[in-house]
2 protein chains.
Amino acid sequence: MPTQTTAPHAHASTLYLSAPEAVELVRRKGLAACLGGIADCITEDFLRWEQFDKSARVASYSRDGAIELMPIADDATYTFKYVNGHPRNTQLGLSTVMAFGVLADVATGAPQLLSELTLTTAMRTAAMSAVAAKALARPDSRVMAIIGNGAQSEFQALAFQHLLGITEVRLYDTDPAATAKLQANLHTSGLVVTVCASTAEAVRGADIVTTITADKARATIITAEMVEPGMHINAVGGDCPGKTELQAEVLTRGRVFVEYPPQTRIEGEIQQMPADFVVTELWQVLVGRQPGRRSDAEVTVFDSVGFALEDFSALRFMRAAALELGVGERIQLIPELADPKDLFGTLRQTTAPAMRLQAVA
Amino acid sequence: MPTQTTAPHAHASTLYLSAPEAVELVRRKGLAACLGGIADCITEDFLRWEQFDKSARVASYSRDGAIELMPIADDATYTFKYVNGHPRNTQLGLSTVMAFGVLADVATGAPQLLSELTLTTAMRTAAMSAVAAKALARPDSRVMAIIGNGAQSEFQALAFQHLLGITEVRLYDTDPAATAKLQANLHTSGLVVTVCASTAEAVRGADIVTTITADKARATIITAEMVEPGMHINAVGGDCPGKTELQAEVLTRGRVFVEYPPQTRIEGEIQQMPADFVVTELWQVLVGRQPGRRSDAEVTVFDSVGFALEDFSALRFMRAAALELGVGERIQLIPELADPKDLFGTLRQTTAPAMRLQAVA
């Protein structure tokens with residue numbers, strides 16, 4: 001595809017970053033640099049949390065899954081993400097999670113970037129988990145259990161390696177093929193990789209436990225008896241009504257940290273708890289208004305469901321990287337009008353056979 | 001651009017219809033045929049109103065305008081539209097309204113069509129107005145006043161000509177250049193076009209009054225004294241909080257018909273009225289549960305704000321037309337994965353220099 005970073009009509013043309021172009025971008029920058037860059041953008045944006053116009057995502061639930069829109073804006077920039085979650089898709093050769101998003105100019109409404117967000121969502125989810133763990137996990141954490149070894153597991157492993165200093169991962173999935181794939185993908189990472197026979201075995205002695213399963217069901221992947229003093233639980237997979245991964249009792253073993261409570265109470269692990277169940281907002285920890293981990297023995301739980309602000313951060317990272325590297329192309333999603341009050345004029349602007357012009361009028 | 005209607009990977013590739021391609025599509029089919037086709041789709045979908053998962057649109061308001069997401073779904077198909085409204089954009093050479101949208105498969109969440117919707121919104125808004133007027137205006141209506149002669153006015157004029165049998169339009173806009181543009185664009189239409197010196201002059205004696213101004217303000221374009229027995233008022237321009245076109249008293253002169261009350265009470269003319277102000281849902285008229293016009297003397301008001309279902313209808317029309325004509329191209333908004341559980345694998349699928357692979361791992 002033609003690579004062009006400046007368009008003849010800068011205002012109405014949109015930079016388009018396809019899935020293959022996003023892959024090219026990540027290859028050229030390096031995955032570790034992208035995870036770190038997105039984590040930095042997330043941190044910056046969480047530190048100015050109050051500047052954003054926030055809302056819970058708009059979900060359309062069906063028998064097989066969910067389709068969601070996740071909008072957010074500050075004074076200058078608006079973004080939204082389209083994302084689905086269909087656990088049975090892999091049987092059809094499709095991803096469980098597919099996503100794309102748009103970054104637009106608040107002052108004019110013009111869409112400036114249309115980007116794939118399937119790969120990007122995996123990176124931003126892992127970056128978000130790492131940002132939270134930096135504030136919540138024990139600083140000497142080295143061993144992470146990964147329960148659920150699907151499409152996002154490599155990104156979690158590498159984000160925790162590069163951003164937290166994790167040196168060993170302990171893997172478990174009900175599907176041994178998924179674990180074998182993760183193990184193979186981490187072969188050259190430098191991580192010590194241990195394949196375990198059960199969740200309990202993987203979790204035992206771990207400093208951090210990441211759950212990232214995809215079943216659309218109330219599940220009790222982690223039970224209270226597995227939880228050890230000082231553990232940080234990074235609960236990523238529970239993200240829609242009826243889909244949880246932690247036994248409710250786990251949530252009473254320590255302090256629970258969330259992104260955006262109005263959304264998490266609907267979608268997160270805490271949907272199992274009363275509406276007044278006490279949680280701490282992660283941004284309050286990052287800005288220093290609330291304590292993160294208070295002792296080496298405390299259990300911390302990051303009940304992550306994925307919030308629109310993280311996609312805002314990821315979209316601005318991807319846009320800057322695409323412009324820096326000259327990746328992506330300009331598309332005409334919006335018409336270029338000689339006279340913006342004359343939309344009808346687009347139907348007769350270029351020369352066309354008289355027959356066609358007649359068909360229009 | 002390459003024209004290709006079937007993709008090697010039918011599931012994950014998305015048909016993309018750019019703004020120039022939508023223009024090509026409308027030129028080839030003819031605008032009248034497109035307006036009629038979209039009106040037919042809207043009617044079909046309104047007749048099965050209860051099958052849709054509906055919600056008010058999600059708006060983000062800023063100083064200069066609004067950005068909105070409009071999702072809707074039935075059991076098989078999900079659509080959403082992104083649309084802005086920024087009245088001052090024309091000063092920057094940009095359209096007041098810019099839009100695009102996506103049609104997706106509910107069963108998998110895969111986006112099947114990404115389409116421009118700036119031109120398409122103008123067509124669907126006019127088609128919606130015509131569908132409503134067919135049920136509400138006097139059948140012998142021949143003269144329409146058009147107050148506001150901006151980007152959408154030609155589409156309203158031609159929809160009412162082709163779908164209702166309007167033969168004369170009477171134009172007024174505070175900007176004479178807008179009226180001159182509309183008059184010129186309608187030159188070969190066969191409509192009798194009369195330019196008027198005021199709203200009152202344009203409205204006097206008209207069977208149908210269409211208001212389609214863009215000011216983001218409480219306005220009283222149409223006052224109660226202008227309203228004549230038997231008139232149908234097609235109020236299109238009032239579509240966000242604080243933006244109305246009718247004097248409140250106009251709404252008490254006849255019966256008011258709306259698309260989706262929860263949205264119209266926030267955005268429509270009836271935002272001026274108490275929350276229990278009686279309105280009739282248009283779909284109930286179309287299915288025969290509520291009467292439309294009851295006498296030649298009755299005043300009817302269609303308080304149109306634009307509802308997501310109309311975009312659903314327009315997107316399925318544009319998709320069918322694009323596939324029929326072979327317009328549009330396949331894009332990789334979603335990655336094609338050899339193994340859908342191995343998203344990470346996309347980062348090493350194709351051959352690349354060893355240095356790049358190292359940067360990834």
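Each chain gets a letter, A, B and so on, in the order its sequence line appears, and its residues count up from 1. These numbers were taken from a predicted model, which means no experiment stands behind them.
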Greatest number of heavy atom pairs closer than 4.5 Å to chain B - which of Leu117(A), Leu17(A), Ile331(A): Ile331(A)

At what distance, to the nearest 0.5 angstrom, does CG of Leu171(A) lie from NZ of Lys181(A)? 10.0 Å

We want to know whether Gln156(A) and Ser153(A) form a side-chain donor-acceptor pair, criterion being a heavy-atom distance below 3.5 angstrom. no

Start with the C-alpha gap between Gln91(B) and His86(B), add the side-chain angles, then the distance that decides, and say whether side-chain contact (heavy atoms from CB on, under 4.5 Å) holds. CA-CA 10 Å; Gln91(B) 296 166 24; His86(B) 286 71; over 6 Å; no

Most heavy-atom pairs under 4.5 Å with chain A, out of Val106(B), Asn149(B), Leu182(B), belong to Val106(B)

Residues Tyr16(B), Tyr16(A); criterion ring-ring contact (aromatic ring centres under 6.0 Å, His included); working and verdict: CA-CA 12 Å; Tyr16(B) 169 53; Tyr16(A) 169 52; 7.0 Å; no

Atom group of Val23(A) that falls short of 4.5 Å from chain B, counting heavy atoms: both

Is Asp173(B) in contact with chain A via its backbone, its side chain, both, or neither, using a 4.5 Å heavy-atom distance? neither

Check the side chains of Thr120(A) and Glu116(A) for a donor-acceptor pair under 3.5 angstrom, ignoring hydrogens and angles. yes

Chain A interface, residue from Ser55(B), Gly93(B), Gly150(B), Ala73(B) that has the most non-hydrogen pairs under 4.5 Å: Gly93(B)

Side chain, backbone, both or neither of Asn89(B) within contact of chain A (heavy atoms, under 4.5 Å): side chain

Answer with side chain, backbone, both or neither: which region of Ala99(A) has an atom nearer than 4.5 Å to a non-hydrogen atom of chain B? backbone

Counting heavy-atom pairs under 4.5 Å with chain A, the top scorer among Thr118(B), Leu114(B), Val83(B) is Thr118(B)

Scan side-chain atoms only and decide if Asn185(A) and Glu154(A) contain a donor-acceptor pair under the 3.5 Å cut-off. yes

Relative to chain B, which of Ser115(A), Cys34(A), Ser60(A) shows the most heavy atom pairs under 4.5 Å? Ser60(A)

If we define contacts as heavy-atom pairs under 4.5 Å, which of Leu333(A), Asn84(A), Thr90(A) has the most with chain B? Leu333(A)

Would Asp342(A) and Arg348(A) pass as an ion pair if we require N to O under 4.0 Å? yes

Need one label for Asp75(B): side chain, backbone, both or neither, based on atoms under 4.5 Å from any heavy atom in chain A. neither

Among the options Ala107(B), Ala104(B), Ala22(B), pick out the one with the most heavy-atom pairs lying under 4.5 Å from chain A. Ala107(B)

Just say parallel, tilted or perpendicular for the rings of Phe80(A) and Phe100(B), cut-offs at 30° and 60°. parallel

